[in-house]
Amino acid sequence: NAGVTQTPKFRVLKTGQSMTLLCAQDMNHEYMYWYRQDPGMGLRLIHYSVGEGTTAKGEVPDGYNVSRLKKQNFLLGLESAAPSQTSVYFCASSPIPGELFFGEGSRLTVL
Amino acid sequence: AQSVAQPEDQVNVAEGNPLTVKCTYSVSGNPYLFWYVQYPNRGLQFLLKYITGDNLVKGSYGFEAEFNKSQTSFHLKKPSALVSDSALYFCAVRLYSSASKIIFGSGTRLSIRP
């Protein structure tokens with residue numbers, strides 16, 4: 001009953017460091033999404049994927065890169081972290097666009 | 001620009017009273033609309049959706065939502081609030097121009113007092 005699993009759940013970075021957030025889903029969903037959640041701003045779409053080997057930009061893609069080499073995994077990378085990227089990151093998957101299944105979130109702090 | 005708006009940051013309701021959480025949208029074409037709920041330190045959970053058909057849709061935990069095309073609204077409702085309904089609620093829309101993009105509103109915190 002794993003659903004959508006995000007790792008790590010917490011991370012502290014220094015400005016300029018790089019890291020990768022991993023999202024894994026075991027529901028064989030085609031669509032996967034990365035969102036960031038900030039107080040008063042709701043969820044903003046960073047990148048998404050409509051299937052293995054595909055990625056597309058969302059509302060706030062700058063400073064992030066993604067890859068979907070395997071259908072079940074969607075990776076979000078920060079090449080050079082900035083304090084503005086301090087946020088809670090949520091991954092979601094969907095069999096069709098709309099009814100999303102979310103992970104528990106990854107809290108990232110950039111000092 | 002295509003968007004979804006939740007005009008109230010917070011809604012306070014007494015237990016047992018009806019509740020409404022408002023959502024308005026601005027999208028091209030026929031919208032696909034959704035409501036999600038988020039409990040503290042958790043991911044979002046799907047509540048209900050409107051795709052087509054009956055303007056009143058029913059969802060999880062006794063919630064329902066009314067689609068109003070002329071007012072471009074999709075308000076979330078419940079006839080009798082429970083303390084356990086206290087949470088953060090998000091309205092979302094699937095964009096017509098890019099069917100894979102799901103855009104969320106800023107969220108409304110619902111607080112139910114005993």
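The shown structure was predicted, so the numbers you read here are calculated from the model rather than taken from an experiment. Below, read A as the first sequence line, B as the second, and so on, with proteins coming before strands; counting in each chain starts at 1. Computed from heavy atoms alone, side chains included, the values below leave out hydrogens, waters and symmetry copies.
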Legend entry - Side chain, backbone, both or neither of B:L88 within contact of chain A (heavy atoms, under 4.5 Å): side chain
Legend entry - For chain A, the option from B:Y32, B:F90, B:Y36 that forms the most heavy-atom pairs under 4.5 Å: B:Y36
Legend entry - Atom CD of A:Q17: over 12 foreign heavy atoms under 6.0 Å: yes
Legend entry - Residues in residues 57-74 of chain A that sit under 4.5 Å from chain B, counting heavy atoms only: A:K57, A:G58, A:E59
Legend entry - Heavy-atom contacts under 4.5 Å, residues 39-66 of chain B to chain A: B:N41, B:R42, B:G43, B:L44, B:F46, B:K49
Legend entry - Largest heavy-atom contact set with chain A, pairs under 4.5 Å, which of B:Q6, B:Q38, B:R109: B:Q38
Legend entry - Check: B:I102 and A:Y48 side chains under 4.5 Å, non-hydrogen atoms: no
Inset, instruction - Determine, using the 4.5 Å side-chain heavy-atom cutoff (strictly less than), whether A:F101 and A:L21 are members of one ILVMFWY cluster. - result: no
Inset, instruction - Calculate, to the nearest 0.5 Å, the distance between atoms CD1 and CG belonging to B:I103 and A:L45 respectively. - result: 5.5 Å
Legend entry - When A:D38, A:V4, A:L100, A:V50 are compared by non-hydrogen pairs under 4.5 Å with chain B, the top option: A:L100
Legend entry - Heavy-atom pair count under 4.5 Å with chain B, highest-scoring of A:P39, A:S49, A:G42: A:G42
Legend entry - Verify same cluster id: B:L76, B:L110 (apolar side-chain graph, 4.5 Å): yes
Inset, instruction - Could you look at A:Q6 and say if it's the side chain, the backbone, both or neither that has a heavy atom under 4.5 Å from chain B? - result: neither
Legend entry - A:F102-A:Y31 co-clustered via ILVMFWY side chain contacts under 4.5 Å: yes
Inset, instruction - Sequence neighbours left out, what pairs pass side chain to side chain donor-acceptor pair (under 3.5 Å) with at least one residue falling in residues 14-23 of chain B? - result: none
Inset, instruction - Indicate if A:V88 and A:M19 have the same hydrophobic cluster label, given that clusters are the connected sets of ILVMFWY residues with side-chain heavy-atom separations under 4.5 angstrom. - result: no
Inset, instruction - With chain B as the partner chain, list the residues of residues 104-111 of chain A whose heavy atoms fall under 4.5 Å from it, by residue number, and write 'none' if nothing qualifies. - result: A:E104, A:R107
Inset, instruction - Verify the cluster assignment for B:F34 and B:F104: are they in a single hydrophobic cluster under the rule of side-chain heavy atoms below 4.5 Å apart? - result: yes
